[in-house]
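Only one structure is covered here, and it is reproduced in the block below.
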Amino acid sequence: MRNIFLTALVILCACSTSDVPEDLLSKEKMTKAMIEIHLLEARISKLTIDPRDSAQAVYDHYERLLFKDLEINQDQYERSFNYYVDNANEFQKIYNAVVDSLMAKEKLYRK
């Protein structure tokens, strides 16, 4: 499963710019997708299933449903993710919004 620390590492290592994909997700849609993916990862990590096989299968299933709900596909998300990672300033803005949103959700949840 993806990891927040891995994403942060990618941000730090990103230093080149790339061509803009034709189907690039807007910053707002990318932010929403990343928020939902982090929430999905958190839900899956709390399940009491075999983490080696079943957790990944469950995650993949719900990720497909999430992308369908967001009206995007895996390839489009990955191309957009890679584009924004290659453009670290843009990715930093998106990731700051993701973290802020997740922290706000956590604060509401803990009340």
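Nothing here was measured: the structure is a model prediction, and the numbers come from that model. Atoms considered below: every heavy atom in the structure, side chains included; atoms not considered: hydrogens, waters and symmetry mates.
When every heavy atom of D75 is checked against every heavy atom of N73, the shortest pair comes out as N-OD1, 3.1 Å. The minimum heavy-atom distance between P21 and R79, with the atom names listed, is CG-O, 3.9 Å. In this structure, Q76 and E71 approach most closely via the heavy-atom pair OE1-O, 4.4 Å. Counting all heavy atoms, side chain and backbone alike, Y83 lies closest to D19 at CD1-O, 3.5 Å. In this structure, A33 and I72 approach most closely via the heavy-atom pair CB-CD1, 4.3 Å.
Between I94 and F81, every side-chain heavy-atom pair lies at or beyond the 4.5 Å cut-off.
Without hydrogens or angle criteria, K29 side chain to L70 main chain gives a donor-acceptor distance under 3.5 Å. A donor-acceptor pair under 3.5 Å is absent between the side-chain atoms of S101 and the main chain of V98, judged by distance alone. One N or O on the side chain of N96 and one on the backbone of Q92 form a donor-acceptor pair closer than 3.5 Å. The main-chain N or O of Y84 is never found under 3.5 Å from a side-chain atom of E90 such that the two would form a donor-acceptor pair.
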message: Using the rule given for side-chain contact (heavy atoms from CB on, under 4.5 Å), can you reason through Y62 versus I37, listing the C-alpha separation, both sets of side-chain angles and the distance that settles it, and then say yes or no?
response: CA-CA 9 Å; Y62 282 105; I37 286 171; over 6 Å; no

task: Give the intermediate values and the outcome of side-chain contact (heavy atoms from CB on, under 4.5 Å) for residues Y77 and M34.
output: CA-CA 9 Å; Y77 175 80; M34 290 178 69; 3.5 Å; yes

message: Test side-chain contact (heavy atoms from CB on, under 4.5 Å) on K105 and I35; report intermediate values, then the result.
response: CA-CA 10 Å; K105 287 179 185 290; I35 290 166; 4.0 Å; yes

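Checking N82 against E78 by side-chain atom types alone, no donor-acceptor pair falls below 3.5 Å.
Linking ILVMFWY side-chain heavy atoms closer than 4.5 Å, directly or via other members, places M103 and L40 in a single hydrophobic cluster.
Listed by chain and residue number, T31 satisfy the side chain to side chain contact (heavy atoms under 4.5 Å, CB included) test with A97 (two or more places apart in sequence, or in another chain).
Between E106 and R110 there is a salt bridge, since at least one side-chain N of the basic residue sits less than 4.0 Å from a carboxylate O of the acidic one.
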